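Step one of this worksheet: look at the structure below.
Letters A, B, ... are given to chains in the order of the sequence lines, protein chains preceding strands, and every chain is numbered from 1. Given the structure is predicted, the values throughout are model-derived calculations rather than measurements.
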There are 2 protein chains.
Amino acid sequence: MADIEAPQVNPNEEGGDVSKGPSKSELKKRAKEAEKAKKAAEKAAKQAELEAQKAAAEVDFSTEYYGKLPLNQSQSRPRRSRIDITTLTPDMDGTQVLLRARVQTSRMQGSKMVFFNLRQRTDSVQALLTVAPGKVSKQMAKWAGSLQMESIVLVEGIAKKTPEPIKSATVSDVEIHITQIHLVSGIESVLPFSVEDAARPETEIETGEDVQYKRVLLDTRLNNRVVDLRTQTNQAVFKLQHAISHLFREHLDAQGFTEIHSPKLQGAATESGASVFKVSYFKGNAFLAQSPQLAKQMAIAADFERVYEIGPVFRAEDSNTHRHMTEFIGLDLEMSIEEHYHEVMELLDALFLHMFRSLKQKYAKEIETVRKQFPADEFKWREGPEGTLKMSFKEAVDLLVEDGVSRESLDDINTENEKRLGRIVREKYDTDYFIIDKFPMELRPFYTMPDPDDPTLSNSYDFFMRGEEILSGAQRIHDPTLLAEKMRAKGVDPASMAPYLDAFKMGCPPHGGGGIGLERVLMLFLKLNNIRRASLFPRDPKRLEP
Amino acid sequence: MADIEAPQVNPNEEGGDVSKGPSKSELKKRAKEAEKAKKAAEKAAKQAELEAQKAAAEVDFSTEYYGKLPLNQSQSRPRRSRIDITTLTPDMDGTQVLLRARVQTSRMQGSKMVFFNLRQRTDSVQALLTVAPGKVSKQMAKWAGSLQMESIVLVEGIAKKTPEPIKSATVSDVEIHITQIHLVSGIESVLPFSVEDAARPETEIETGEDVQYKRVLLDTRLNNRVVDLRTQTNQAVFKLQHAISHLFREHLDAQGFTEIHSPKLQGAATESGASVFKVSYFKGNAFLAQSPQLAKQMAIAADFERVYEIGPVFRAEDSNTHRHMTEFIGLDLEMSIEEHYHEVMELLDALFLHMFRSLKQKYAKEIETVRKQFPADEFKWREGPEGTLKMSFKEAVDLLVEDGVSRESLDDINTENEKRLGRIVREKYDTDYFIIDKFPMELRPFYTMPDPDDPTLSNSYDFFMRGEEILSGAQRIHDPTLLAEKMRAKGVDPASMAPYLDAFKMGCPPHGGGGIGLERVLMLFLKLNNIRRASLFPRDPKRLEP
């Protein structure tokens, strides 16, 4: 190790105050003391050098006990193993550990002790540095105590069983007694807020009596998303986001589905309803897909039988609600059916039950972490032989009318009434999850298969969580003649969608599917109250950065 | 079952020719015969009705033995189980089976037998229909024999062990003796080509002596992708595409990675190099992300430690080569490093080995299916203690110079020389897979970490398969001061990328990563020779549809 930086020690640290004019004898005395101090310092330096050499034998990333490490450009690879905080257990008492972590907080106690809360993702541990002759100098403690919050440090120390549980860290029974501390990456700007403040529960802010906690507003968080994402809450939220996609794939892989990737760049602005973004495409234009609907149906016409896709979908809707974004992740699936579209609906239901059960069983820790900041009733669904609550659109309307909503206003069920229905259902059936089947044809897109007995109804369904729609799906029309007819009825020129229509002219099995909003499922399962919290770097009409 | 369509039988089918004027006695005779025929027909009809009733007891989707089924609008759900061709085995000899399949080919033999090749995805089975009194009428055989290629049929029959292997089907030891056949979905347009032709090996087309096979050109295929995708080859190709993503995730999930989804809509046209597509975004503009590079690095600054993303990336490059598309799927990862960027390079290497090994072991059947149409040497990599071949950029240049390339032309290794290097390496080291490390700094983007000993080099690497680059990666600069300096040196204004730069000012661990082109890996592993064959609905400067 040749390239070690000089230790960052201030040589004037213990020098006296020379601003007042001293007397000659005083100066002489001081000169003598300085000479003495110099000799002592030289001796100490020699001693330190010896100790450093000794330490270097086992710690080759630095010859110093503390200081800023040189920029890691992969200069060397000593292959010293570093630990995760989560692996610390009381039976490691007395063993030496090396770890990289963030300084969540640091607190000097007198001039001889520094307490740290060191953080790695969802976990934290207490560490302390105590001045001890020949091991930890006052300068070292001072330097360590001056490290800014959010600095990344490399710490070596001894794991110690704690005499009593530490409440401020997730590891409560072990702390680290620091012997070395180095700065890996510092803070070169002003932190917009502390991660501790960003992780505070709303309830604490509202009821805090002794301390007036600073509330970190959502916009401030999103403007500084990189810092906001470091909260233990957000680390857990995005582990759960990953979990949902993982469980989606796991369930469908086992059911014979093939994952596809359909193009987001489209030649025509298609589908009805939502508006689309226009893209400059060489000398012409393209449009961003507002869903993989057309492509996944074409995959069915191409004999893929069962397909799913996880990918971005784009909606050029100028709405800034708590549940809309201009870009979100669709969990889409489509499958051929043998006899009846309820085959799809039931598969989707089984998929959600698999997700809910697995989240509860395997991700209890992450859910618990999020609950601390976002308290919520546990998400409820029905288990057992009765199964998921399913009702027709008509029955849903009846429930709302019974509750006092005027039937005239219920041609469609708007967002407000959806939430009301969610409350009614929870009271009556004790579930946050249910399915509405048989939507009126006029509320659905042109490619929806009409009901065989009542052409004003359709073979379509929505799934709900806590009174908000998280999935929309249906049997699709696979007959090209009927499809073209329905296109014209909805004002879509069949010629404008020729490649799509052609797919069905080449023979296509009956099929159905659905699209799930990943961020909505995450938001509603955890009750995050705003969809932006469920998106890594959310996009809405007013936000394109970071 | 109330809504069954009338059987599609032509009542005039066996009627005599009445165009010549017949004599009176002749007419009388005919009337008598007609009366007789009518009675016989009535009797037969009664008999048929009885049989139909009997059949209906077990076959409730139709009271007829053949014909077009009414449009499936989910009228009923008899829950009859249908089989996959793949499950057919000789010990099922004599059992009744029901299946839905495509008619790949049908061939009348005389007027009493029809041979079918029925296809489901990568598999096919021979089925035959034989006229038999009271069971299969001549009309039924005629109707069945007239079914167009690519029609979807629902077939009921008896599984029979074959006396000798059937070469034309993937199931060689079982055939189906049809008792019922119904049309689920017909062809309402002219097929652009037969799936049989589309699946023919190039070699067969070139060497075919007896038959002049029709070559289906790539453009014709892509214009009619839905039909082209039905070949057994393509069904296997896209199962393998799914497999690659699956193995990528499987390996990284086990290594503690978190899956992320970064926004494709960006506020600024960023990164150097490739050009970006501009999007109309409400009253302003947005740009399509040319990689998740910035977002995944920001996720590292946000403490995610190890992340991956599978998603579309967009390149507005007007090049129509065999290996470029304007939209493709990136398998991206980024991870913090402890000591050295080779931690990333080695993890990526292990990831590829996991993919290669698993493909070979678990997807041998699909690879074999593709090989039939695209013959290729088996993809080779090095196993054993020596591990993957790794060389520096300088060593790669030396190999090329040794082979006769002038050193002056080798500031960069162009596509042609990459392929040449691939050939040299295969000859010398018997591998199709290798890594080049330590690229010159000037060939890499501004965020690449320079080599600690030689600032003209960088801590970056490319991975190659069959002489083509499939991954590019590096250690990134996590220090904001050095990053801004390198931006300026490459002509990028640091202010234009403020949110990205800010992420590092808030403290960021050393990190590195890489981006893999999914379609390239698929193309090169299988030697498909054109990247469009590895994309479901490919996009290039000239193609936005289907």
Non-hydrogen atoms of chain A under 4.5 Å away: do they reach the side chain of [X], the backbone, both or neither?
{"X": "E343(B)", "answer": "both"}
{"X": "T258(B)", "answer": "both"}
{"X": "I152(B)", "answer": "side chain"}
{"X": "F257(B)", "answer": "backbone"}
{"X": "I477(B)", "answer": "neither"}
{"X": "P538(B)", "answer": "neither"}
{"X": "P509(B)", "answer": "both"}
{"X": "I329(B)", "answer": "side chain"}
{"X": "V190(B)", "answer": "backbone"}

Heavy-atom distances under 4.5 Å only: say whether [X] touches chain B with side chain, backbone, both or neither.
{"X": "D318(A)", "answer": "both"}
{"X": "S280(A)", "answer": "both"}
{"X": "M506(A)", "answer": "both"}
{"X": "P312(A)", "answer": "side chain"}

If only atom types and distance count, is the side chain of [X] paired as donor or acceptor with the main-chain N or O of [Y] below 3.5 Å?
{"X": "H340(B)", "Y": "S76(A)", "value": "no"}
{"X": "R100(B)", "Y": "I337(A)", "value": "yes"}
{"X": "Q120(A)", "Y": "E305(B)", "value": "no"}
{"X": "R230(B)", "Y": "A301(A)", "value": "yes"}

Could you give the distance from [atom1] ([X]) to [atom2] ([Y]), rounded to the nearest 0.5 Å?
{"X": "R102(A)", "Y": "D303(B)", "atom1": "CZ", "atom2": "CG", "answer": "4.0 Å"}
{"X": "Y281(B)", "Y": "K542(A)", "atom1": "OH", "atom2": "NZ", "answer": "11.5 Å"}
{"X": "F537(B)", "Y": "L294(A)", "atom1": "CZ", "atom2": "CG", "answer": "9.5 Å"}
{"X": "H478(B)", "Y": "L71(A)", "atom1": "NE2", "atom2": "CG", "answer": "4.5 Å"}

Sequence neighbours left out, what passes salt bridge (charged side-chain N to carboxylate O under 4.0 Å, His left out) with D451(A)? Give chain and number order. K438(A)

Where do N285(B) and L544(A) come nearest, in terms of heavy atoms and distance?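 It is O-CD1, 3.7 Å.
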
Closest heavy-atom pair and its distance - L265(A), R539(B): O-NE, 2.7 Å

Can you tell whether the side chains of E250(A) and R249(B) come within less than 4.0 Å, N to carboxylate O?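 No, no charged N to carboxylate O under 4.0 Å.
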
Please name all residues satisfying side chain to side chain donor-acceptor pair (under 3.5 Å) with Q235(A), sequence neighbours left out, ordered by chain then number.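 Scan of Q235(A) (side chain to side chain donor-acceptor pair (under 3.5 Å), adjacent residues dropped) gives R121(A).
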
Using the side-chain contact (heavy atoms from CB on, under 4.5 Å) rule, pick out the option among Q241(B), E519(B), H242(B) that qualifies with H261(A). Q241(B)

